[in-house]
Protein chains: 2
Amino acid sequence: MAQTGLAGKRSYHQYCGLASALDVLGERWTLLIIRELLMGPRRYGELLADLPGIGTNLLADRLKFLVDSGVLRQVDVHGTGGRLSYELTPTGQALRPMVLGLAHWGLEFVGDLKAEDTVRPHWGFLAVEAMFQWDKISPIDESYQFQVDDEVFRIDVAGGVPRVAKGPSENAAMVATTDAATFVRIGAGRVTPLMAMVGGQLKLEGDIDAVLRCCELLGLDAGAAPAAQAVSGH
Amino acid sequence: MAQTGLAGKRSYHQYCGLASALDVLGERWTLLIIRELLMGPRRYGELLADLPGIGTNLLADRLKFLVDSGVLRQVDVHGTGGRLSYELTPTGQALRPMVLGLAHWGLEFVGDLKAEDTVRPHWGFLAVEAMFQWDKISPIDESYQFQVDDEVFRIDVAGGVPRVAKGPSENAAMVATTDAATFVRIGAGRVTPLMAMVGGQLKLEGDIDAVLRCCELLGLDAGAAPAAQAVSGH
DNA sequence: CCGCATCCGAATAGATACTG
DNA sequence: CAGTATCTATTCGGATGCGG
């Protein structure tokens with residue numbers, strides 16, 4: 001169901017893959033909808049709650065267009081009382097590396113948390129997947145668990161391959177507990193894990209070597225950091 | 001100069017890497033400007049010519065904002081008579097994999113060439129870089145040359161690493177000659193190289209084995225197959 | 001309530017004329 | 001050539017309405 005083009009829609013009218021991609025994805029809110037669905041199917045109301053400011057008509061329009069374009073489909077997720085959810089088709093799933101790449105790239109531009117900013121735990125967790133240092137993955141099989149506000153995620157490293165997932169780990173080698181804003185700030189390099197711990201926004205439990213391996217996996221400077229001097233005063 | 005935010009600009013106000021990225025890149029035309037600059041510095045007038053429909057005010061606004069954001073900079077390219085060009089900063093260059101990925105993804109959505117569509121040779125060539133099959137690169141060092149309308153590009157394979165570049169190759173193992181629309185159509189899988197040759201839109205010269213290696217590098221079905229996907233109307 | 005459709009003021013985009 | 005300035009068209013954002 002590709003090349004829909006839904007008559008009347010604005011288009012760049014360029015015979016080019018990028019222009020065609022942007023004819024589908026380039027409008028406001030569209031890629032943020034994709035972001036929400038990268039972690040699994042969601043219902044209309046859930047999307048509305050995690051996209052503050054979108055306006056109900058725009059969300060409905062975008063969902064309809066993306067379904068027509070073959071990027072999303074509607075599914076009946078077991079246990080949601082027969083109400084339909086939206087999920088990515090294989091074509092939509094193929095956007096994962098580009099969306100994650102953009103999420104990682106954009107961390108350079110996140111500033112201080114302002115009063116009007118919203119935060120969600122799973123936004124930070126998306127960036128985690130984009131931060132993997134594929135050349136520095138330890139051969140040890142283990143899991144790291146992250147309690148971010150009221151949501152729980154984990155990284156499972158198995159056979160040299162890390163994977164992110166929702167929910168707790170049965171036997172985590174490390175458990176991190178923090179709030180969503182701190183989680184994003186650490187990913188953006190605006191604060192180091194050590195700085196966040198000293199400030200009381202991050203709690204780390206478990207094997208100290210597992211903590212260090214987790215930091216290395218994510219390319220994070222575990223503790224040292226630009227603030228080394230500031231902290232040494234203690 | 002990150003986290004500029006240029007006061008008054010519309011923002012998603014989400015504390016999230018993707019939302020921040022889209023606050024910088026998400027407006028209309030912006031990623032197409034990045035696309036143009038991925039192949040080297042360009043001047044205002046050149047950008048205007050390759051972005052039909054943009055309007056002079058929008059191009060000026062976008063360029064100014066991207067320079068302020070640290071994605072672009074102005075440079076004096078030798079030989080352009082002291083007039084300034086725009087080029088990507090390292091931050092902007094970091095977008096290459098995501099932009100190429102989107103260009104490749106979007107090939108699924110390019111339809112038939114319509115009367116109002118514009119085409120440029122270098123648009124097709126951008127996708128070429130995104131089509132490399134990194135697991136199927138031959139160990140043979142050689143170059144493939146592409147004459148697309150009035151522009152010439154090449155792929156240099158050296159030490160198992162392919163690289164794209166502008167301009168002719170001194171000793172090409174294969175030379176392909178075609179028009180821009182056919183070039184895009186082949187990349188999109190709407191036509192095979194063999195079909196284009198039979199139709200007279202593509203001419204291939206040089207070593208037949210080099211031609212096959214080039215097709216394999218790009219994941220193209222050299223000739224066989226009526227291409228099952230080619231005629232999926234609706 | 002949830003899942004939209006409609007309406008309207010505000011913000012963006014497009015087209016064109018103009019300037020250093 | 002490289003942009004401004006200005007005006008019109010389109011899209012967005014927020015409020016409201018409505019059927020199930």
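FYI, side chains are in, hydrogens and waters are out, and symmetry mates aren't considered; it's all heavy atoms of this structure. Given the structure is predicted, the values throughout are model-derived calculations rather than measurements. Letters go in sequence order (proteins before strands), and every chain restarts at 1.
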Practice task
Return the value, rounded to whole Å, for the distance between atom CG of B:Leu47 and atom P of D:dA2.
Solution key: 9 Å
Problem - Student check: side-chain heavy atoms of B:Thr118 and B:Trp123 closer than 4.5 Å - result: yes
Problem - cation_pi(B:Arg120, B:Phe125) dist<6.0 Å, angle<=45 - result: no
Handout entry: Any B:Arg43 side-chain N or O less than 4.0 Å from OP1/OP2 of D:dA2
Key = yes
Problem - Close side-chain approach of B:Leu72 to B:Leu88, heavy-atom, < 4.5 Å - result: yes
Handout entry: Any side-chain heavy-atom pair of B:Trp105 and A:Thr91 under 4.5 Å
Key = yes
Exercise for the section: Check each residue of residues 11-24 of chain A for a non-hydrogen atom within less than 4.0 Å of any atom in DNA chain C, then write out the ones that pass by number, or none. Expected result: none
Completion exercise
Whole-Å distance, A:Glu46 CD to C:dC1 C1', equals 15 Å
Exercise for the section: Please examine the side chains of A:Tyr12 and B:Pro52, heavy atoms only from C-beta on, and report whether any two atoms are closer than 4.5 Å. Expected result: no
Exercise for the section: Examine D:dC12: is either OP1 or OP2 under 4.0 Å from a nitrogen or oxygen in the side chain of A:Arg62? Give yes or no. Expected result: yes
Practice task
Please confirm whether any donor atom in the side chain of A:Asn57 sits under 3.5 Å from an acceptor in the base of D:dG14, or the reverse.
Solution key: yes
Problem - Any B:Lys64 side-chain N or O less than 4.0 Å from OP1/OP2 of D:dT4 - result: yes
Handout entry: Integer-rounded Å distance: D:dG13 C1' and A:Glu27 CD
Key = 15 Å
Exercise for the section: Let me know the distance between CG of A:Leu51 and P of D:dC12, rounded to the nearest Å. Expected result: 15 Å
Practice task
Kindly say whether, by distance alone, the side chain of B:Thr56 makes a donor-acceptor pair under 3.5 Å with the base of C:dA15?
Solution key: no
Exercise for the section: Take the protein atom CG of B:Leu48 and the nucleotide atom P of D:dG3, then report the distance between them rounded to whole Å. Expected result: 11 Å
Handout entry: Spacing of A:Tyr44 atom OH relative to D:dG19 atom C1', expressed in whole Å
Key = 14 Å
Practice task
Could you tell me whether the phosphate oxygens of D:dG13, OP1 or OP2, come under 4.0 Å of any side-chain nitrogen or oxygen in A:Arg28?
Solution key: yes
Exercise for the section: Let me know the distance between CG of A:Leu63 and C1' of C:dC2, rounded to the nearest Å. Expected result: 14 Å
Completion exercise
Sorted by position of nearest nucleotide on DNA chain C, 5' first, the leading residue of A:Asp61 and B:Gly55 is A:Asp61
Practice task
Rounded off to whole Å, could you give me the OH-to-P distance for the A:Tyr86 and C:dC2 pair?
Solution key: 14 Å
Practice task
Would you mind reporting whether B:Phe109 and A:Val71 have side-chain heavy atoms less than 4.5 Å apart?
Solution key: yes
Practice task
Side-chain contact test, heavy atoms from C-beta onward, threshold under 4.5 Å: evaluate it for B:Val128 versus B:Phe183 and give yes or no.
Solution key: yes
Handout entry: Side-chain N,O (B:Trp29) to OP1/OP2 (C:dT12) below 4.0 Å
Key = no
Exercise for the section: Check every atom of C:dG3, D:dA2, C:dA5 against the side chain of A:Arg83 and return the nucleotide holding the closest atom. Expected result: C:dG3
